[in-house]
Engineer: 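What follows is a structure written as structure tokens; I'll ask about it next.
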4 protein chains.
Amino acid sequence: MTKTPTKAATAKAATHKPETRGEAAAPASSRATRAAERRAAIVEAAMEEFIARGFAATRLDDIAKRAGVAKGTIYLHFKDKESMFEELVRTVIVPVVARLNALPPLTGSVRDLIEAFANNFLKEVIGTRRGDLVRLIVAEGPRFPSVADFYYREVVSRGMAGMRALIELAIARGEIRERDLARYPQILIAPAMIAVIWQSLFARHAPLDAQDMLRVHLDLIFGERRTT
Amino acid sequence: MTKTPTKAATAKAATHKPETRGEAAAPASSRATRAAERRAAIVEAAMEEFIARGFAATRLDDIAKRAGVAKGTIYLHFKDKESMFEELVRTVIVPVVARLNALPPLTGSVRDLIEAFANNFLKEVIGTRRGDLVRLIVAEGPRFPSVADFYYREVVSRGMAGMRALIELAIARGEIRERDLARYPQILIAPAMIAVIWQSLFARHAPLDAQDMLRVHLDLIFGERRTT
Amino acid sequence: MTKTPTKAATAKAATHKPETRGEAAAPASSRATRAAERRAAIVEAAMEEFIARGFAATRLDDIAKRAGVAKGTIYLHFKDKESMFEELVRTVIVPVVARLNALPPLTGSVRDLIEAFANNFLKEVIGTRRGDLVRLIVAEGPRFPSVADFYYREVVSRGMAGMRALIELAIARGEIRERDLARYPQILIAPAMIAVIWQSLFARHAPLDAQDMLRVHLDLIFGERRTT
Amino acid sequence: MTKTPTKAATAKAATHKPETRGEAAAPASSRATRAAERRAAIVEAAMEEFIARGFAATRLDDIAKRAGVAKGTIYLHFKDKESMFEELVRTVIVPVVARLNALPPLTGSVRDLIEAFANNFLKEVIGTRRGDLVRLIVAEGPRFPSVADFYYREVVSRGMAGMRALIELAIARGEIRERDLARYPQILIAPAMIAVIWQSLFARHAPLDAQDMLRVHLDLIFGERRTT
DNA sequence: GATGAATGAGGATTCATTCAT
DNA sequence: CATGAATGAATCCTCATTCAT
């Protein structure tokens with residue numbers, strides 16, 4: 001009982017805060033840094049909870065507990081539950097976008113590039129927390145147009161544009177025969193998306209070898225690879 | 001829809017009981033019939049609401065209002081909100097299953113059959129309430145394992161088995177070259193699923209010509225069709 | 001579904017009802033009789049439920065089920081739940097009152113008479129449904145002044161008056177020495193009441209030999225009996 | 001009672017924390033203290049309501065209103081209505097138990113001691129809120145076995161044991177002749193219990209001079225007192 | 001008279017949000 | 001800045017009562 005034993009006493013003299021060690025030693029962990037850490041912890045915790053329960057069924061209490069902060073603290077970082085959700089998606093999506101933009105060099109064949117991309121997707125998205133986020137967006141999209149908008153604008157449309165460019169290049173180079181494919185990059189991506197959804201819904205009924213499936217799909221598009 | 005449409009009309013003439021189908025086409029509406037109608041109205045209304053808001057955010061009150069019944073009436077048909085959701089999915093899915101089982105004749109080529117199937121899917125699922133239901137299942141699946149189970153068992157596994165059989169037949173007949181495709185019927189279905197999701201999330205940003213996309217996809221799998 | 005298979009068909013021809021055996025044989029069971037039976041069944045069922053759960057927690061649904069009638073039927077006999085409770089107590093109490101009035105002959109000693117009375121109370125009240133009713137009245141009395149009033153008027157005051165008369169007689173005859181006892185017949189009755197309450201609350205923790213206790217109490221009041 | 005009585009007063013002067021008892025008698029009111037006060041207010045209010053209406057008919061809303069807190073606050077102190085009731089009885093009973101344990105010295109005669117006890121009971125229980133609690137336990141006991149258990153264990157069995165010891169002592173000293181009384185301390189207590197119940201049910205029909213009744217009862221057991 | 005489906009007011013409980021400390 | 005006690009609107013569910021059959 002009787003928490004808050006400080007406050008009054010530290011009010012003025014409290015230039016130093018907990019972690020403070022000596023004078024200059026570890027000036028790090030400034031107030032701003034600690035705030036950022038807290039925010040990160042909240043985002044992380046919120047992700048977990050929203051993915052596990054969906055937006056409406058998630059309790060701020062649980063997020064706070066998981067993040068190790070008090071409920072009120074959340075409101076220092078986010079206006080309310082709704083905008084927390086929206087900002088959350090943004091925050092988590094941004095790095096993904098960054099990576100998309102950082103197109104790899106593109107030296108060998110288009111297929112090699114796409115295969116590399118697929119492998120990366122396999123490791124980083126399918127069956128991971130990030131994959132669950134995709135499912136979450138599918139789930140909550142209709143109730144959060146701004147989220148769907150953002151996701152479309154930042155991820156989908158860019159990804160599609162990139163894919164389309166690659167497909168066109170592959171067609172030009174003769175790697176892909178089906179010329180109409182360029183109009184529907186979705187076809188190229190579809191199995192990957194299905195894999196994402198499959199893993200969160202049906203994995204336990206029927207495990208899916210996503211890597212092999214994606215390989216087959218690429219074979220279908222690029223023609224079977226002559227095994228080296 | 002169709003609330004108490006009779007009553008006044010049957011008041012006197014209805015000396016005969018239930019199934020009465022005499023005279024015109026009007027009466028019918030025995031107590032049992034009315035109950036069934038009510039249940040149907042509730043199911044219908046619940047569908048709309050759950051699709052629009054998700055499970056947790058849907059208010060029983062709104063379902064009742066939309067169905068034109070009192071709140072309490074819902075509890076005459078369903079134990080609680082949760083089992084209503086579960087039964088609802090079952091109820092709506094069953095007819096779909098029935099249709100899946102009613103395999104079409106299969107006379108011409110496999111491609112023709114699949115194309116017919118795709119066209120049907122296009123009309124009946126993509127962009128319709130039924131399509132939204134699929135998205136709903138994707139959204140709520142993790143929180144309703146029984147729903148995901150049911151859906152997997154009744155729809156996914158059966159659909160996959162059927163597709164696999166068709167693919168194998170097509171391979172045997174030489175319609176499809178990629179032999180590994182039989183291991184992943186998901187690849188065949190993926191674009192259709194993507195179309196379903198696309199329509200509810202991104203249609204307004206970028207309309208998708210699902211029919212054309214599916215055609216391209218089939219061309220990819222079966223080889224381009226020599227336009228008659 | 002569709003119960004009520006009779007009604008219309010029996011409407012006129014139904015002079016005979018279930019129990020009806022032969023023509024004149026048992027003309028009884030007229031409509032009025034059946035109604036009375038139903039009412040009795042409801043009263044009986046209500047007693048059980050009210051005793052087990054108290055007034056507020058008892059569901060009319062359960063009473064109806066236990067009585068084997070439809071919920072609506074209850075309203076043909078009672079205005080509402082509240083007055084059902086009140087009438088119920090009256091109905092059940094009346095026979096008790098009748099018996100109280102039917103004072104036994106009074107031949108031998110007053111002690112013999114009271115002992116006989118105690119034994120009767122032991123058999124008919126303590127540890128029985130009737131005893132539970134007493135507890136029920138204690139429980140609901142404050143919320144049902146009319147019930148408490150009725151009980152006081154019909155049972156308590158009469159019982160007290162009767163006891164007082166007996167005590168005075170016993171004092172006059174020299175059976176009881178403590179003259180002031182006539183002012184507090186409650187003292188004479190108290191252990192019996194305690195036994196009633198004890199049986200429904202603590203019997204399972206510590207069984208009480210009510211008969212022996214009452215004997216000891218009478219010994220206390222009348223002096224120990226010279227064992228014959 | 002006593003809602004936030006401080007606050008304004010302590011605002012500035014309260015550089016020192018909690019238990020502050022300086023200056024006048026006012027401040028104190030730390031957060032923990034305030035919580036305790038609130039809990040006490042809820043317990044107090046709940047007592048009143050439960051006694052007045054019984055468990056099932058009592059509305060949490062009314063308790064909150066009477067306690068001067070919001071509905072939700074109750075749930076910060078109690079898990080639900082049921083455990084509130086159970087804890088409530090415990091909370092209120094405990095001090096009583098404490099007093100029972102604090103046996104008085106026992107100098108003079110046993111009768112004097114019991115008389116003192118009776119007078120205390122008269123003042124503290126009969127016709128008071130505490131007496132009503134006894135009636136409440138009788139009323140709700142069957143539906144709250146844990147409450148009946150607790151009450152039996154903490155109050156009844158202890159009280160009975162104490163009474164039995166006194167009775168045996170009185171018998172040994174020759175103050176009481178009826179040796180069997182030791183087997184049924186209930187007889188000694190019965191009139192007091194009856195008085196408790198009488199006051200809440202019939203007081204307004206026929207007021208009872210409980211003190212006088214208890215005196216007569218003790219005369220019956222110990223023999224008439226030779227008025228000094 | 002009987003029935004039981006339908007009603008909707010009422011009440012327990014939850015949880016996002018606020019704010020004094 | 002951080003905290004978490006307090007709030008009360010919102011929501012699920014129950015159940016006494018009605019009434020068409």
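Protein chains get the first letters and strands the later ones, always in sequence-line order, with residue 1 at the start of each.
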Engineer: Considering residues at least two apart in sequence or located in another chain, which fulfil the salt bridge (Lys or Arg N to Asp or Glu O under 4.0 Å) criterion with C/D80?
Structural biologist: none
Engineer: Please state how far atom CD1 in A/I63 lies from atom C1' in F/dG4, giving the value in whole angstrom units.
Structural biologist: 16 Å
Engineer: Among residues at least two apart in sequence or on other chains, which ones pass salt bridge (Lys or Arg N to Asp or Glu O under 4.0 Å) with B/R90?
Structural biologist: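 Once residues adjacent in sequence are excluded, B/R90 has no partner under the salt bridge (Lys or Arg N to Asp or Glu O under 4.0 Å) criterion.
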Engineer: If the sugar-phosphate is the primed atoms plus P, OP1 and OP2 and the base is the rest, what is the B/S/- string for nucleotides 7-12 of chain F, using protein heavy atoms under 4.0 Å?
Structural biologist: BBBBSS
Engineer: In the structure I gave you, are the side-chain heavy atoms of A/T58 and A/D62 within less than 4.5 Å of one another anywhere?
Structural biologist: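 They are not in side-chain contact.
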Engineer: Atom CZ of B/F78 and atom P of F/dC13: how far apart are they, to the nearest Å?
Structural biologist: 13 Å
Engineer: To the nearest Å, give me how far apart CD (A/E82) and P (E/dC15) are.
Structural biologist: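 Checked: the CD to P distance equals 17 Å.
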Engineer: Rounded off to whole Å, could you give me the CZ-to-C1' distance for the D/R34 and E/dA20 pair?
Structural biologist: 9 Å
Engineer: Please enumerate all residues that pass salt bridge (Lys or Arg N to Asp or Glu O under 4.0 Å) together with D/E87, with sequence neighbours excluded.
Structural biologist: D/R39
Engineer: Who pairs with B/A56 by side-chain contact (heavy atoms from CB on, under 4.5 Å), at least two apart in sequence or on another chain?
Structural biologist: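 So B/A56 forms a side-chain contact (heavy atoms from CB on, under 4.5 Å) with A/A56, A/A57.
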Engineer: Quick one: salt bridge (Lys or Arg N to Asp or Glu O under 4.0 Å) partners of A/E140, sequence neighbours excluded?
Structural biologist: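 Partners of A/E140 under the salt bridge (Lys or Arg N to Asp or Glu O under 4.0 Å) test: A/R143.
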Engineer: Just grab all the side-chain hydrogen bond (donor to acceptor under 3.5 Å, both in side chains) pairs involving residues 65-79 of chain C, residues at least two apart or on different chains.
Structural biologist: C/E49-C/R66
Engineer: Could you check how far CZ of A/R39 sits from C1' of F/dA2, rounded to whole Å?
Structural biologist: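 Value for this atom pair: 17 Å.
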Engineer: List for me each residue that meets ring-ring contact (aromatic ring centres under 6.0 Å, His included) alongside C/F78, sequence neighbours excluded, and say none if there are none.
Structural biologist: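 By the ring-ring contact (aromatic ring centres under 6.0 Å, His included) rule, C/F78 matches no residue at all.
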Engineer: Distance check needed: E/dA5 C1' versus B/I42 CD1, whole Å only.
Structural biologist: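 Result: 12 Å.
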Engineer: Would you please enumerate the stems DNA chain F participates in, each stem being three or more consecutive Watson-Crick or G-U wobble pairs with both distances under 3.5 Å?
Structural biologist: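 Listed by first number, the stems are E:2-21 with F:2-21.
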Engineer: Report the distance from atom NZ of D/K65 to atom P of E/dG11, rounded to the nearest whole Å.
Structural biologist: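 For the pair D/K65 NZ and E/dG11 P, the rounded distance is 10 Å.
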Engineer: Just how far, in rounded Å, is C1' of F/dC15 from NZ of B/K79?
Structural biologist: 17 Å
Engineer: Let me confirm one number: the OG1-CD1 distance from C/T91 to C/I42, rounded to the nearest 0.5 Å.
Structural biologist: 11.5 Å
